[in-house]
Amino acid sequence: MTVIDRLDALFPPDRVITDPVRLRTYECDGLTYHRATPMVVVLPETTEEIAAVVKVCAEFGVPFVARGSGTGLSGGALPRSDGVLIVTSRMRRIISIDLDQRRAVVEPGVTNLAITEAVRDRGYYYAPDPSSQQICSIGGNVAENSGGAHCLKYGFTVNHVLALEVVTPNGEIMEISEDDFGYDLLGAFVGSEGTLGIATKITVRLMRAPEAVTTLLAAFPNIEAGGQAVSAIVGAGIVPAAIEMMDALAIEAAEAAVACGYPPEAGAVLIVELDGPAAEVESQLAEVIAICVGTGSFEQRVAASADERAKIWKGRKSAFAAVGRISPAYIVQDGVVPRTSLGEVLAGIDALQVEFGIRVANVFHAGDGNLHPLVLFDDTAPGEGHRAEIVSGRILDLCILHGGSITGEHGVGVDKARYMPRMFTDADLDTMQRVRCAFDPGGRSNPGKVFPTPRLCGEVPRVRKGSPGEIF
Ligand SMILES: Cc1cc2nc3c(=O)[nH]c(=O)nc-3n(C[C@H](O)[C@H](O)[C@H](O)COP(=O)(O)OP(=O)(O)OC[C@H]3O[C@@H](n4cnc5c(N)ncnc54)[C@H](O)[C@@H]3O)c2cc1C
């Protein structure tokens, strides 16, 4: 009896995939350069079915990987060729909505945007808004502690998840909630990238839609002037719902892809969104415009309608995919720096472009220093991909050097596990491994992700060290 025999006995034929052609659909996530074909894919429809699959994995000692919509950008949902891929795409029910308590309970495959769509007419919304929100699943958001443009004011997924039902790596069904006494297991699970089990029901906070929202597009001659405006806005005590910045290359790409109409001569644009009581928004908008003008902005456009607002956001939200219009291949990097170091880090990225002859388009959540450099290269030009990878790694070194982090919101996954020793000591990593082992002593839940040298509980730690810029 094999794992596949057992799964075939548990599920109807259309929910266990072993056909090699169909398996290829699942061989990568949004990070397409890490690929593996899963041994088998299962499409469960209930928590109990997920628990049953995980128990089969425990019985046979095989690994499993959860997959939501596969939009992850760090290879977190990369399958194992010796393991089971558990896909939540058939678990898309909104189980309950309780507006009195301002919460909803949803299945893990529900898309981020579907939650807002379910309550929008009644004046509510779900706040974390990754640019991938039309497609990405809330289960994936929980695993990655995903953010988005509006997390500057409202916080990340961890600030909006109130409780979880979880299938543990040995197949038990467990509930964890922010109301629990003792250790903050909910906090540990959110952002654990599928390594502590599978979230099967998610209770999220619903927010009341603000009375007023206004969106400003301000054009600057260069990125330094835009950066000064960001510091001055925050320094003035204004907390916009979002402050996003794009440089000239990112603007060029967005224009080519979605004709968003940003001023073509801009060296940088800032999108500043303000929300709250109408009177407050109005006075803050005047202040923000004055700051932008004072720091060199040569054009300011305030969206006069929902359509104009959507058009301003369209350029930003499509920026990752848009660079495909100006480059045959690219790496989406994700790092964080203190806001005060943005200028220096961007200058450092400029220097890397010159040193390696590689173009980098910058798109970022400027308000919280979350950079998304898009490292462009021609994958048919010999050596260019390798140079792009070096630039990409050096950008993370710059982030660390300035007191930042190797990921802001896309997670570590398989892609950045090698960078972990640049940020954490052996002792740090060992402590994290112990937490993981407390949930998953057999190391079956999404192994090979997050940690540079995955090991089972009780094994002696041996951490691979990387020097800055080194590519493993
Ligand atoms: C164009 C584009 C724009 C993006 N913009 C943003 C952005 O603005 N902000 C941001 O934070 N991210 C962004 N992302 C990254 C990505 O969309 C998020 O990480 C998202 O949360 C992944 O959700 P998913 O359903 O696609 O997860 P997947 O890619 O399927 O999986 C991601 C991780 O979650 C685990 N996982 C999935 N479901 C579960 C579950 N039920 N229980 C436990 N673990 C699970 C997987 O094992 C994997 O480790 C973007 C991606 C793209 C392609």
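It should be emphasised that the depicted structure is a prediction, and the values quoted were computed from it without experimental measurement. Counting convention: from 1, in listed order, for ligands and their atoms alike.
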Notebook entry, point to check: Is Pro108 close to ligand 1, meaning an N/O of one under 3.5 Å from an N/O of the other?
Noted result: no

Check: If we only count N/O pairs under 3.5 Å, is Gly68 in contact with ligand 1?
Finding: yes

Next item on the list: List the atom of Arg444, the atom of Val62, and the distance in Å for their closest heavy-atom pair.
Entry: CD-O, 3.2 Å

Checklist line | Minimum-distance protein heavy atom relative to atom 1 (C) of ligand 1 | finding: Phe320 CD2, 4.1 Å

Notebook entry, point to check: Can you tell which part of Thr200 has a heavy atom less than 4.0 Å from ligand 1: side chain, backbone, both or neither?
Noted result: neither

Note to self: As a quick check of understanding, evaluate side chain to side chain contact (heavy atoms under 4.5 Å, CB included) for Val391 and Val360, giving each step before the final call.
What the structure shows: CA-CA 9 Å; Val391 168; Val360 180; 4.1 Å; yes

Check: Do any N/O atoms on Gly76 end up under 3.5 angstrom from N/O atoms on ligand 1?
Finding: yes

Next item on the list: Could you pull out the closest heavy-atom pair between Cys28 and His34, with the gap in Å?
Entry: CB-O, 3.3 Å

Notebook entry, point to check: Starting from atom 16 (C) of ligand 1, which protein heavy atom do you reach first, and at what distance in Å?
Noted result: Thr71 OG1, 3.3 Å

Next item on the list: Heavy atoms only: give me the nearest Ser445-Arg436 pair and the separation to one decimal.
Entry: O-NH2, 2.6 Å

Item checked: Identified salt bridge (charged side-chain N to carboxylate O under 4.0 Å, His left out) partner of Asp129 from the options Lys317, Lys153, Arg316 -> Lys317

Notebook entry, point to check: Considering distance alone, does some N or O of Asp129 sit under 3.5 Å from an N or O of ligand 1?
Noted result: no

Next item on the list: Using distance alone, decide if ligand 1 has a nitrogen or oxygen within less than 3.5 Å of any nitrogen or oxygen in Glu409.
Entry: yes

Check: If you count the atoms of ligand 1 from 1 in the order shown, which ones are under 4.0 Å from a heavy atom of Ala143?
Finding: 34 (O), 35 (C), 36 (N), 44 (N), 45 (C)

Margin query: Under 4.0 Å from a heavy atom of Gly194: which atoms of ligand 1 are those, numbered in the order shown and with their elements?
Written below: 44 (N)

Notebook entry, point to check: Hey, is ligand 1 close enough to His365 that some N/O pair sits below 3.5 Å?
Noted result: no

Next item on the list: Could you tell me whether Gly72 and ligand 1 have an N or O pair separated by under 3.5 Å?
Entry: yes

Checklist line | Exercise: do Thr47 and Glu165 side chains pair donor with acceptor under 3.5 Å | finding: yes

Notebook entry, point to check: Given the rule in the side chain to side chain contact (heavy atoms under 4.5 Å, CB included) test, do Met420 and Met432 qualify, once you have shown the distances and angles that lead to the verdict?
Noted result: CA-CA 11 Å; Met420 289 287 272; Met432 291 184 216; 4.2 Å; yes

Next item on the list: Could you list the atoms of ligand 1 found under 4.0 angstrom from a heavy atom of Asn141?
Entry: 20 (C), 21 (O)

Checklist line | Protein residue, atom and distance nearest to atom 41 (N) of ligand 1, heavy-atom basis | finding: Ala199 O, 3.0 Å

Note to self: Could you identify the single nearest non-hydrogen protein atom to atom 19 (O) of ligand 1 and state the distance to 0.1 Å?
What the structure shows: Glu144 CG, 3.4 Å

Next item on the list: Provide the number and element of each atom of ligand 1 under 4.0 Å from a heavy atom of Asn446.
Entry: 47 (O), 49 (O)

Checklist line | Stepwise side-chain hydrogen bond (donor to acceptor under 3.5 Å, both in side chains) test for Gln333 and His410 | finding: CA-CA 9 Å; Gln333 190 49 283; His410 295 171; over 6 Å; no

Notebook entry, point to check: Shortest non-hydrogen contact from Leu43 to Asp14?
Noted result: CD1-O, 3.9 Å

Notebook entry, point to check: Quick one: do the Asp379 and Tyr33 side chains pair a donor with an acceptor below 3.5 Å?
Noted result: no

Margin query: With side chain to side chain contact (heavy atoms under 4.5 Å, CB included) as the criterion, how do Leu78 and Asp29 come out once you've worked through the C-alpha distance, each side chain's angles and the decisive distance to 0.1 Å?
Written below: CA-CA 6 Å; Leu78 181 76; Asp29 61 9; 5.8 Å; no

Item checked: Donor on one side chain, acceptor on other, Thr195 and Asn446, under 3.5 Å -> no

Next item on the list: Distance to 0.1 Å, residue and atom name: give those for the protein heavy atom nearest to atom 8 (O) of ligand 1.
Entry: Ser131 N, 2.9 Å

Check: In ligand 1, which numbered atoms sit nearer than 4.0 Å to a non-hydrogen atom of Glu193?
Finding: 49 (O)

Checklist line | Top protein contact for atom 12 (N) of ligand 1, by heavy-atom distance | finding: His410 CD2, 3.5 Å

Checklist line | Closest protein heavy atom to atom 27 (O) of ligand 1, given as residue, atom name and distance to 0.1 Å | finding: Gly140 CA, 3.6 Å

Next item on the list: Go through the side-chain N and O atoms of Glu273 and Trp313 and say whether any donor and acceptor fall under 3.5 Å apart.
Entry: yes

Item checked: Val54 to Thr168 - nearest heavy-atom pair and separation -> CG1-O, 3.4 Å

Notebook entry, point to check: How close do Ala248 and Ala266 get, heavy atom to heavy atom, and via which atoms?
Noted result: CB-O, 3.9 Å

Next item on the list: Show which atoms of ligand 1 fall inside a sub-4.0 Å distance from at least one heavy-atom site of Gly70.
Entry: 24 (P), 26 (O), 28 (P), 29 (O), 30 (O)

Margin query: Quick check on contacts: which atoms of ligand 1 are under 4.0 angstrom from a heavy atom of Ser146?
Written below: 11 (O), 18 (C), 19 (O), 20 (C), 21 (O)

Next item on the list: Quick one: look up the protein heavy atom nearest atom 43 (C) of ligand 1 and list residue, atom name and how far away it is.
Entry: Gly197 O, 3.5 Å

Next item on the list: For Arg67, counting its heavy atoms only, list the atoms of ligand 1 lying under 4.0 Å from any of them.
Entry: 30 (O)

Margin query: Check contact between Gly147 and ligand 1, using heavy atoms of the residue and a distance below 4.0 angstrom.
Written below: yes

Note to self: Yes or no: does Gly30 have any heavy atom under 4.0 Å from an atom of ligand 1?
What the structure shows: no

Check: Do Arg67's NZ or CZ and the ring of Tyr26 fall within the cation-pi criteria of under 6.0 Å and 45°?
Finding: no

Check: Is it true that Ser192 lies under 4.0 Å from ligand 1, counting heavy atoms only?
Finding: no

